[in-house]
Enquirer: 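Quick one: the structure is below, and I'll ask about it shortly.
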2 protein chains.
Amino acid sequence: MSYYPASILNLIKNIAKLPGIGEKTAERLALHILHASRKETEELSRSILEVKQKVRFCTRCFALSDSDVCRICSDPTRDETLLCVVEQPGDMVAIEKSGAYTGQYHILNGVLSPMNGVGPDDIRIRELITRIDQGKIREVVLATGTNVEGEATAAYIAELLAEHSVNVSRIASGVPMGGDLKYVDQVTLKKALEARRAV
Amino acid sequence: MSYYPASILNLIKNIAKLPGIGEKTAERLALHILHASRKETEELSRSILEVKQKVRFCTRCFALSDSDVCRICSDPTRDETLLCVVEQPGDMVAIEKSGAYTGQYHILNGVLSPMNGVGPDDIRIRELITRIDQGKIREVVLATGTNVEGEATAAYIAELLAEHSVNVSRIASGVPMGGDLKYVDQVTLKKALEARRAV
């Protein structure tokens, strides 16, 4: 690699730090950046800095936001009585893309994981309780992941909320749409059978 | 995609302009950058700008360089009588990695391509002739690609150099090492047979 001048090597090294980008890809991207227009590279460079400077957490739901209160929290058309609890901002984006949800969100920014030293005080559970105590919310949809940690977090929150006058639901588990049953794992099939519904 | 704040969307858009990076990957990289340390993002941002500011063409061989004359051209241990002509800086890097070449380079920064309006005056052929006229070079190795345009460029340069007192050679074509003959295309096999050597 030392056949390139130092500034290109430096760029390759920095790009290769990104996840899923190997040295070969980093080399290709660095050479593209070198040949791209000055305007394009300046925009790329500036947008990297800007994202660190501008993006903060929404003070209500802890989603990523350019302003104090995010767009969803400040949208008067969203159902204020419905609250969906997710692990990460990306999960919120996935649910928004589905178009099936019109309520508000609460992003935990983490998941309970005693093995990694993440307890209830390390994720936004206290803030969730505070929001519920304000009294507007009627239903909390627990949409944490369906892995061990996500299930444990959902169970923990459900237990906490039992003392509050709010309905608590969990997203359904089952066979994914378009799924071929013979490729679906046993635990999922068991869940799908248990949760079968009359048609 | 519009579920992210504007500065993240802007970063995703700029990253997705890079070759081979789709919107999904750009989203993943943007979220990584968002969560990376300030130092790491600042270094990435700065190295992108630096590469445009610092890198220029070596005034002798037209390789990418941080200084007026590149490292290879200013290296006294390299053979000054041997000159390898390649299309792009990346080709030079590939040959350097092989470790089989100790001479100097001339990077055309392009290839003859009448279909795309690239003629002899658009690539560094005139500068190549000037270097050869200086008299030090005894052999020119034509290492342009083995596709139609690379072959045409090599043939054109070979014809030009016939009038100059310099030996001209072309890199060998044949079956790649580790290649299984049944997967090698017919043109390559034909070349390999034509260029067979006594053992």
Side-chain angles (χ1 to χ4, degrees), chain A residues 1-15 17-21 25 27-38 40-56 58 63-67 70-72 88-90 92-97 105 109, chain B residues 1-15 17-21 25 27-38 40-56 58 63-67 70-72 88-90 92-97 105 109:
Chain A
M1 293 302 291
S2 63
Y3 314 105
Y4 286 114
S7 53
I8 299 184
L9 285 180
N10 190 32
L11 179 59
I12 293 175
K13 195 191 73 193
N14 283 326
I15 294 177
K17 280 182 192 162
L18 298 173
I21 306 274
T25 307
E27 188 179 337
R28 193 167 50 78
L29 294 180
L31 290 180
H32 171 87
I33 288 170
L34 184 66
H35 291 112
S37 71
R38 183 166 292 270
E40 193 178 325
T41 45
E42 278 170 3
E43 261 177 28
L44 175 62
S45 173
R46 197 181 45 238
S47 58
I48 289 171
L49 283 184
E50 248 182 30
V51 89
K52 287 296 276 188
Q53 286 159 358
K54 285 197 180 169
V55 175
R56 66 197 98 169
C58 167
L64 302 172
S65 173
D66 277 346
S67 48
C70 76
R71 235 177 319 165
I72 290 178
Q88 300 292 351
M92 186 200 89
V93 171
I95 293 176
E96 280 297 290
K97 280 183 186 168
Y105 290 93
N109 279 303
Chain B
M1 292 303 292
S2 62
Y3 314 105
Y4 286 112
S7 52
I8 299 185
L9 284 179
N10 190 33
L11 179 59
I12 293 175
K13 195 192 74 194
N14 283 327
I15 294 177
K17 279 183 191 161
L18 297 172
I21 306 273
T25 307
E27 189 179 337
R28 192 167 51 78
L29 294 180
L31 290 179
H32 170 86
I33 288 170
L34 184 66
H35 291 112
S37 70
R38 183 167 292 268
E40 192 179 324
T41 45
E42 278 170 3
E43 260 177 29
L44 176 61
S45 172
R46 196 181 46 237
S47 59
I48 289 171
L49 283 184
E50 249 181 32
V51 89
K52 287 296 276 190
Q53 286 158 357
K54 285 196 179 169
V55 175
R56 65 196 96 168
C58 166
L64 301 172
S65 172
D66 277 346
S67 47
C70 76
R71 236 177 319 165
I72 291 178
Q88 299 291 352
M92 187 201 87
V93 171
I95 292 176
E96 280 297 290
K97 280 182 186 168
Y105 290 93
N109 279 303

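Below, chains carry the letters A, B, ... as their sequence lines are ordered, and counting in each starts from 1.
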Enquirer: Which answer fits A:Ile21, side chain, backbone, both or neither, if we ask what part of it has an atom under 4.5 Å from a heavy atom of chain B?
Expert: side chain
Enquirer: Can you say whether A:Leu11 sits under 4.5 Å from chain B via the side chain, the backbone, both, or neither, judging by heavy atoms?
Expert: both
Enquirer: Tell me, please, which residues at least two apart from B:Arg56 pass salt bridge (Lys or Arg N to Asp or Glu O under 4.0 Å).
Expert: B:Asp68
Enquirer: Return the minimal non-hydrogen interatomic distance between A:Ser65 and A:Cys70, and the atom names on each side.
Expert: OG-CA, 3.4 Å
Enquirer: Which one of B:Ile33, B:Leu34, B:Leu29 has the most heavy-atom pairs closer than 4.5 Å to chain A?
Expert: B:Leu34
Enquirer: Among A:Arg46, A:Lys52, A:Arg38, A:Gln53, who wins on heavy-atom pairs under 4.5 Å with chain B?
Expert: A:Lys52
Enquirer: Can you find a heavy atom in the side chain of A:Leu31 that is under 4.5 Å from one in the side chain of B:Leu64?
Expert: yes
Enquirer: Under 4.5 Å heavy-atom distance to chain B, tell me which part of A:Thr41 shows up: side chain, backbone, both or neither.
Expert: both
Enquirer: I need the residue from A:Ser7, A:Gly90, A:Ser67 with the largest number of non-hydrogen atom pairs under 4.5 Å to chain B.
Expert: A:Ser7
Enquirer: Test of understanding: with side chain to side chain contact (heavy atoms under 4.5 Å, CB included), list the residues that count as partners of A:Glu40, not counting sequence neighbours.
Expert: A:His32, A:Ala36, A:Ser37, B:Lys17
Enquirer: What I want to check is whether the side chains of A:Ser47 and B:Asn10 have a donor and an acceptor closer together than 3.5 Å.
Expert: no
